[in-house]
2 protein chains.
Amino acid sequence: MTYEDAISALADPTRRAILDRLRAGPAAVGAVAEGLPVSRPAVSQHLRVLSDAGLVTMTPAGNHRLYSLAPTGIDSLRHYLDSLWDDALAAFQRATEEKAKQKGKKT
Amino acid sequence: MTYEDAISALADPTRRAILDRLRAGPAAVGAVAEGLPVSRPAVSQHLRVLSDAGLVTMTPAGNHRLYSLAPTGIDSLRHYLDSLWDDALAAFQRATEEKAKQKGKKT
DNA sequence: TGTCTATGTAAGTCATGACTTACGAAGATG
DNA sequence: CATCTTCGTAAGTCATGACTTACATAGACA
C-alpha cells in the first residue's frame with residue numbers, strides 16, 4: 001500500500017491494460033480477461049497485485065467478484081510525483097539562471 | 001519519452017535512489033555512485049534509462065558530466081495519473097451512491 | 001606527450017516476475 | 001443432489017533486466 005507498490009504495479013503493461021478496462025466501470029475477472037491476450041489466471045494474479053497496491057478494490061457479488069478502480073493507491077503516487085515535480089522544477093529554474101549568468105559573463 | 005517509459009524507469013528502487021540524490025542538486029556519476037551500494041557502471045546504465053525517460057538531463061562539464069532532475073518526464077506521468085485519478089474518483093463516488101441506495105432499499 | 005580522472009559500453013551471470021496448465025473451492029441453477 | 005459457472009492458487013517454464021568485471025574513450029594537467 002505504499003507509493004512504491006503502486007509504481008511497480010503500474011510498471012507492467014498488462015496491468016495498465018487491466019486498469020484501462022476498469023476505467024469504464026467495475027468488471028469481473030472473466031470479463032477483463034476476455035479483452036486481453038492473456039489467460040484468466042494471469043489476470044487474477046495481476047488483480048491481486050493491483051489490489052495490494054491499493055489501485056483496485058474487490059466486492060463479492062454472488063458467484064463472481066467485481067473489481068473497480070480505487071483512488072487510494074493513485075493518491076499516494078500522486079503525492080510522491082508532486083514532491084519530485086517541485087524539486088525538478090527548482091533544478092530546472094536554477095539551471096536556467098545559471099545559463100543567463102553564463103551568457104552575461106564574457107571572458 | 002512516453003509516460004510508460006517514465007513509469008518503468010521509476011519502478012526500480014536503485015533508480016529512485018538516484019533521483020533522490022539528484023533532488024539535492026546536480027551531481028556527477030561518480031558522486032551519485034558513492035552513496036549507493038552498486039557499482040559506478042550500474043549507475044551509468046541507470047542514468048541512461050532515466051535520461052531516455054526524460055526524468056534527468058545531462059550537461060557536459062569539462063572532464064565529467066552533470067546530471068540533474070528534469071520536469072519533462074515527470075509531467076507526462078502526472079498527466080496520466082491525473083486522468084486515472086478522475087476515473088477512480090468517479091468510480092468511488094458511484095460505489096458510494098450504490099451503497100446508499102442499497103441501504104435505503106430494505107427487502 | 002604521458003598520465004590521471006571521469007565516464008560509457010560490451011559481455012556474461014543470475015534473480016525476479018509474468019505467463020501457462022492443472023487443480024480445488026464457493027455460489028448459482030436444474 | 002448433481003452440475004455448471006466463476007474464480008483463486010500451486011507448480012513449473014522462460015524472458016527480461018539489474019548487476020558485475022573488463023575494456024575503450026575524452027578531457028585535464030604535469
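Chain identifiers are assigned alphabetically (A, B, ...) following the order of the sequence lines, protein sequences preceding nucleic acid strands; residue numbering begins at 1 within each chain. For the numbers below, each heavy atom of this structure counts, side chains included, while hydrogens, waters and symmetry mates do not.
Protein chain A contacts DNA chain C from C/dA18 to C/dA28, reading 5' to 3' and using non-hydrogen atoms of the protein with a distance under 4.0 Å.
Against DNA chain D, the stretch residues 3-24 of chain A makes no heavy-atom approach under 4.0 Å. Within residues 29-44 of chain A, the residues that have a heavy atom under 4.0 Å from DNA chain D are, in order of number, A/Val29, A/Gly30, A/Arg40, A/Pro41, A/Ser44. Near-neighbour residues of DNA chain D inside residues 57-70 of chain B, defined by a heavy atom below 4.0 Å, number-ordered: B/Gly62, B/Asn63.
Between atom CG of residue A/Leu66 and atom OG1 of residue A/Thr59 there is a gap of 4.5 Å, rounded to the nearest 0.5 Å. Note that the OG1 atom of A/Thr57 and the CG atom of A/Leu22 stand 9.0 Å from one another [nearest 0.5 Å].
Other residues, nucleotides and ligands place no more than 12 heavy atoms under 6.0 Å from the CZ atom of A/Phe92.
Although no hydrogens or angles enter the test, the distance criterion places no donor-acceptor pair under 3.5 Å between the side chain of A/Ser51 and the main chain of A/Leu47.
Not counting sequence neighbours, the partners of B/Asp87 by the side chain to side chain donor-acceptor pair (under 3.5 Å) test are A/Arg23. For B/Asn63, there are no side chain to side chain donor-acceptor pair (under 3.5 Å) partners two or more places apart in sequence or in a different chain.
Scanning both residues, B/Leu55 and B/Ala6, for their nearest heavy atoms gives CD1-O, 4.1 Å.
Residue-to-nucleotide proximity on DNA chain C shows that, of B/Arg48 and A/Val49, the 5′-proximal contact is made by B/Arg48.
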